[in-house]
Amino acid sequence: DTGVSQNPRHKITKRGQNVTFRCDPISEHNRLYWYRQTLGQGPEFLTYFQNEAQLEKSRLLSDRFSAERPKGSFSTLEIQRTEQGDSAMYLCASQLYSGNRQPQHFGDGTRLSIL
Amino acid sequence: DAKTTQPNSMESNEEEPVHLPCNHSTISGTDYIHWYRQLPSQGPEYVIHGLTSNVNNRMASLAIAEDRKSSTLILHRATLRDAAVYYCILRRRIIGANQFYFGTGTSLTVIP
């Protein structure tokens, strides 16, 4: 178990630029989740995949955000035309799902700063 | 998912037991109670979960009230490494309920 890996750990970009984050889940975990966390708040759910299918999206996921998990393994989260309000920690979690008693395993996140 | 209520912050002396409370008065019979913690600059880490009975693992114990409207996470002997934000979360035990609502959690300070 090598854990959930997220890259990059930090990203600084100018407003209006596009950014992409990558998440490598624990191998054989069929579910992958994306969350966003702002300072002083708990993580907020954005979206999740079961294998390669994106099954649920939060209202927080505006049309500037897109997530993919093309082969059911790693996932990418892209933000287009970034805005100041996108500054946050973006967390990925994976889960070997067989009911909601299984824990989610989180990566250490990508911190996005918009200048 | 139903809402949980936790104190914003708590303090504990090192090597003393810590009891972190969580109220979930609107819990349904199919909700699991999960606890996660988040150390500074890290992602959340699973601690423990339960449904009706008290649970123990190597990290902590979970005491669940008989009516399930509250629970308590017990750290038997706090260490400095236990300083973190602790989240109490309810998860529906049904297909389709897949979101975690973390709330703001309890920030635990451990005093040497």
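In this text, all values refer to a predicted model and were calculated from it rather than measured experimentally. Residue numbers start from 1 in every chain, and the chains themselves are labelled A, B, ... in the order their sequence lines are given, proteins ahead of strands.
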Rounded distance [0.5 Å steps], OH in B:Tyr46 versus CD in A:Gln102: 9.5 Å

[atom1]/[X]: more than 12 non-hydrogen atoms of other groups inside 6.0 Å:
{"X": "B:Asp67", "atom1": "CG", "result": "yes"}
{"X": "A:Leu115", "atom1": "CG", "result": "yes"}
{"X": "A:Gln84", "atom1": "CD", "result": "yes"}

Find out whether [X] and [Y] are in side-chain contact, i.e. whether some heavy atom of one side chain is under 4.5 Å from a heavy atom of the other.
{"X": "A:Tyr35", "Y": "B:Phe102", "answer": "yes"}
{"X": "B:Ser41", "Y": "A:Asp108", "answer": "no"}
{"X": "B:Gln38", "Y": "A:Gln37", "answer": "yes"}

Contacts of type side chain to side chain donor-acceptor pair (under 3.5 Å), residue A:Gln50, not counting sequence neighbours: A:Arg31

Heavy-atom closest contact (A:Leu91 atom, B:Pro44 atom, distance): CD1-CD, 3.9 Å

Per-residue contact mode, A:Arg9 against chain B (heavy atom under 4.5 angstrom): side chain

Top contributor to chain B interface from A:Gly109, A:Pro43, A:Ala93 [non-hydrogen pairs under 4.5 Å]: A:Pro43

Co-membership, hydrophobic cluster, residues A:Leu46 and A:Phe74, 4.5 Å side-chain: no

For B:Glu45, all residues meeting salt bridge (charged side-chain N to carboxylate O under 4.0 Å, His left out), sequence neighbours excluded: B:Arg37

Side-chain donor/acceptor of B:Tyr36 to backbone N/O of A:Gln104, under 3.5 Å: yes

